[in-house]
Enquirer: 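Once you've had a glance at the structure underneath, I'll fire off some questions.
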Number of protein chains: 2
Amino acid sequence: MSLDPVARFRRFSRAVTSEVGALDSSFLGRGRPLGAARVLNAIGNGHEDVGEIRAYLGLDSGLMSRLLRGLEAEGLVRTAPHPGDARRRVAALTDAGRAEFSEYETLSDARAGALLASHPRPEALLAAMDLVASALGRDRITLGQADPRGAAARHCLGAYYAELARRFEQGFDVALSRDPEAADMCPPRGAFLVAMSDGLPLGCVGLKGNGGTQAEVKRLWVAPSARGLGLARRLMEGVEEAARALGIDTLRLDTNSAALPEAARLYRAAGWTEIPRFNDDPYPDLFFERRL
Amino acid sequence: MSLDPVARFRRFSRAVTSEVGALDSSFLGRGRPLGAARVLNAIGNGHEDVGEIRAYLGLDSGLMSRLLRGLEAEGLVRTAPHPGDARRRVAALTDAGRAEFSEYETLSDARAGALLASHPRPEALLAAMDLVASALGRDRITLGQADPRGAAARHCLGAYYAELARRFEQGFDVALSRDPEAADMCPPRGAFLVAMSDGLPLGCVGLKGNGGTQAEVKRLWVAPSARGLGLARRLMEGVEEAARALGIDTLRLDTNSAALPEAARLYRAAGWTEIPRFNDDPYPDLFFERRL
DNA sequence: CATGATGTCTGACTTAAGTCAGATAAATCG
DNA sequence: CGATTTATCTGACTTAAGTCAGACATCATG
């Protein structure tokens with residue numbers, strides 16, 4: 001009944017190859033070779049360090065240098081030595097460069113917008129794209145500390161609360177749970193980690209400290225499109241490392257066995273030991289501890 | 001809460017671009033430029049006519065000619081004049097060419113297999129890929145007559161029956177419905193149309209004739225991943241055209257208002273008029289007619 | 001059968017992309 | 001400090017890809 005998975009994969013490949021090709025040729029419409037356009041877009045997207053851009057685009061250093069020179073000759077880019085390390089260089093867009101960059105943005109936005117607008121279920125299409133992108137880019141997911149009040153963190157936390165509200169039969173009210181103060185999840189007391197993939201937040205975890213050697217792990221969440229890729233485990237390893245760096249030697253956490261069964265399994269598999277209840281929150285019924 | 005759709009689209013773009021790039025470079029590992037590899041693969045995938053390959057790959061005639069010559073020099077391809085039109089040429093793989101082609105197949109199968117095997121929900125990933133591929137390739141979906149007993153038709157009909165079984169509360173048994181004989185859905189009595197996208201069947205419709213000027217439309221089905229793209233309408237237009245070509249002037253069909261509400265909407269919108277019951281099948285409760 | 005259209009081929013180009021071997025300057029480390 | 005490593009730059013290449021004009025044979029049509 002179901003068709004050969006590899007045939008389906010191939011069809012997908014062909015479809016996106018020609019889409020990517022179409023986008024590339026629309027980029028060529030601006031009269032600049034693709035290589036140069038890619039560098040310009042990388043800079044516009046916030047990559048500054050020349051070496052970083054090279055790694056991101058996979059370019060040879062000679063080629064990179066020439067492309068940059070061409071963009072400088074066009075007056076779109078300015079380069080300068082890196083403030084802290086004069087071997088390196090950083091690139092920035094000039095006003096003309098920013099204008100040109102936004103033309104490229106307009107081109108790809110128009111493509112994206114047209115495709116999404118013409119689809120009967122844009123949200124389903126986007127969800128499918130997220131899933132595919134996470135599967136393809138799983139080893140390009142990076143973990144980093146972030147401000148728990150920043151945009152990426154707020155997105156994760158919002159999705160986390162929404163999911164809890166769905167999973168708990170009686171709903172979920174942040175106010176009822178002891179919502180950790182943001183300051184307790186920032187250095188030097190604690191930390192907040194966000195997993196990012198190409199600018200999109202895919203997961204988070206918070207470490208709520210009190211200045212002492214004990215801290216609590218809170219708000220572990222992974223985006224539905226990225227589940228099963230081992231991201232929760234990476235986040236937990238990351239938060240343990242952050243705790244060690246802060247001089248913390250004991251971690252605790254709480255969870256709910258019925259609403260979040262996969263979480264309890266993860267903690268047990270990662271070597272956490274169950275302990276008696278240590279708070280009076282209404283939601284959790286399972287409590288864990290781990291010594292570092 | 002939900003992130004900028006365009007940012008999500010871009011992330012998808014970047015992920016597949018680098019995946020496509022990785023596949024391309026793995027193809028380069030066989031010591032042949034990509035262009036030549038693409039031509040070899042096109043021939044291996046059943047494209048024979050040189051002009052057709054050129055259109056499929058979007059190549060200039062000069063370039064195409066040179067690439068073919070290179071493959072001939074390698075002993076992988078043999079070309080010959082087209083039997084019916086000596087201006088055209090057809091290309092075929094030699095034994096060595098077939099061996100080389102299957103090496104390429106192995107490479108891309110391995111990539112696809114590794115990705116699917118490493119994913120926690122391969123079926124969900126494939127479904128997402130199907131959805132994206134259909135959305136991207138909507139104007140590359142082609143309609144064509146097919147044998148209702150062939151592989152593509154059987155796949156569609158199997159999915160169709162399975163879906164009916166899910167939608168009808170009491171299930172669905174093909175034997176209870178008047179399953180049209182395959183011969184009635186083949187020329188000269190009738191027709192069977194299949195919508196294909198890059199080798200994958202995405203929808204079908206049957207025209208069951210009896211040798212007279214009246215015929216019945218049966219088995220209209222569209223793959224879930226391709227719904228909303230106007231494919232059902234195209235199939236209905238195609239079946240009407242096929243009917244006209246067979247000298248048929250009146251079409252009838254039956255459907256079920258509760259289990260298949262979108263079908264009834266489609267027929268009404270396409271100008272069909274409701275008529276009294278004309279058979280005693282247990283499943284349908286709505287009957288339509290249309291004069292051509 | 002003459003005419004124009006079609007499909008392929010050839011040769012002469014251009015451009016983009018990428019490679020490689022140094023040169024240079026700054027940072028790092030013992 | 002001197003030796004080594006790192007990051008970028010330059011010049012001299014190669015290769016792939018694509019363009020263009022014209023040649024040639026064949027087909028379709030009046």
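Side chains included, hydrogens not; waters and symmetry mates left out as well; all remaining heavy atoms used. Note on naming: letters A, B, ... go to the chains in the order of the sequence lines (proteins, then strands), and numbering restarts at 1 for each one.
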Enquirer: Please state how far atom CG in B:Asp24 lies from atom C1' in D:dT15, giving the value in whole angstrom units.
Expert: 16 Å
Enquirer: Please step through side-chain contact (heavy atoms from CB on, under 4.5 Å) for the pair A:Thr213 and A:Leu292, ending with a clear verdict.
Expert: CA-CA 11 Å; A:Thr213 62; A:Leu292 300 177; over 6 Å; no
Enquirer: Separation of A:Asp49 atom CG from D:dT6 atom C1', in whole Å?
Expert: 12 Å
Enquirer: Would you mind telling me which residue lines up with the more 5' stretch of DNA chain C, A:Gly84 or B:Arg54, judged by nearest nucleotide?
Expert: B:Arg54
Enquirer: Please give, in whole Å, the distance from D:dT8 C1' to A:Glu72 CD?
Expert: 12 Å
Enquirer: Just the rounded figure in Å: distance from P of D:dT19 to CG of B:Leu67.
Expert: 13 Å
Enquirer: Would you say the base of D:dG11 and the side-chain of A:Arg66 have a donor-acceptor pair closer than 3.5 Å?
Expert: yes
Enquirer: Base, sugar-phosphate alone, or nothing: which one does B:Arg69 contact when heavy atoms must sit under 4.0 Å apart?
Expert: sugar-phosphate
Enquirer: Among D:dT8, C:dC9, C:dG18, find the nucleotide with the atom closest to the side chain of B:Ser61.
Expert: C:dC9
Enquirer: Remember a base hit wins even if backbone is also touched, and classify A:Asp85 as base, sugar-phosphate or nothing at under 4.0 Å, heavy atoms.
Expert: sugar-phosphate
Enquirer: Rounded off to whole Å, could you give me the CG-to-C1' distance for the B:Leu28 and C:dT19 pair?
Expert: 14 Å
Enquirer: If I compare all heavy atoms of A:Arg8 with all of B:Ala127, which pair ends up nearest, and what's the gap?
Expert: NH2-N, 3.8 Å
Enquirer: Looking only at the side chain of B:Pro33 (C-beta and beyond, no hydrogens), which of the listed nucleotides D:dA17, D:dC20, D:dC9 gets closest?
Expert: D:dA17
Enquirer: Over how many whole Å does the gap from A:Asp60 atom CG to D:dT14 atom P extend?
Expert: 16 Å
Enquirer: Decide yes or no on side-chain contact (heavy atoms from CB on, under 4.5 Å) for A:Thr79 and A:Glu48, but give the supporting numbers first.
Expert: CA-CA 9 Å; A:Thr79 63; A:Glu48 306 199 311; over 6 Å; no
Enquirer: Using the six-membered ring wherever Trp is involved, compare the ring planes of A:His47 and A:Tyr56 and label them parallel, tilted or perpendicular (cut-offs 30° and 60°).
Expert: parallel
Enquirer: When you measure from the side-chain N and O atoms of A:Arg88 to the phosphate of C:dA25, is any distance below 4.0 Å, counting only OP1 and OP2?
Expert: no
Enquirer: Is the shortest side-chain N/O distance from A:Arg87 to OP1 or OP2 of D:dT5 below 4.0 Å?
Expert: no
Enquirer: Side chains of B:Leu229 and B:Ser134: closer than 4.5 Å at any heavy-atom pair?
Expert: yes
Enquirer: Taking atom P of C:dG11 as reference, at what distance in whole Å does atom CE of B:Met64 sit?
Expert: 18 Å
Enquirer: Taking atom C1' of C:dT24 as reference, at what distance in whole Å does atom CZ of A:Arg89 sit?
Expert: 13 Å
Enquirer: Heavy atoms from C-beta onward define the side chain here; which of D:dC9, C:dA17, C:dT8 lies closest to that of B:Val50?
Expert: C:dT8
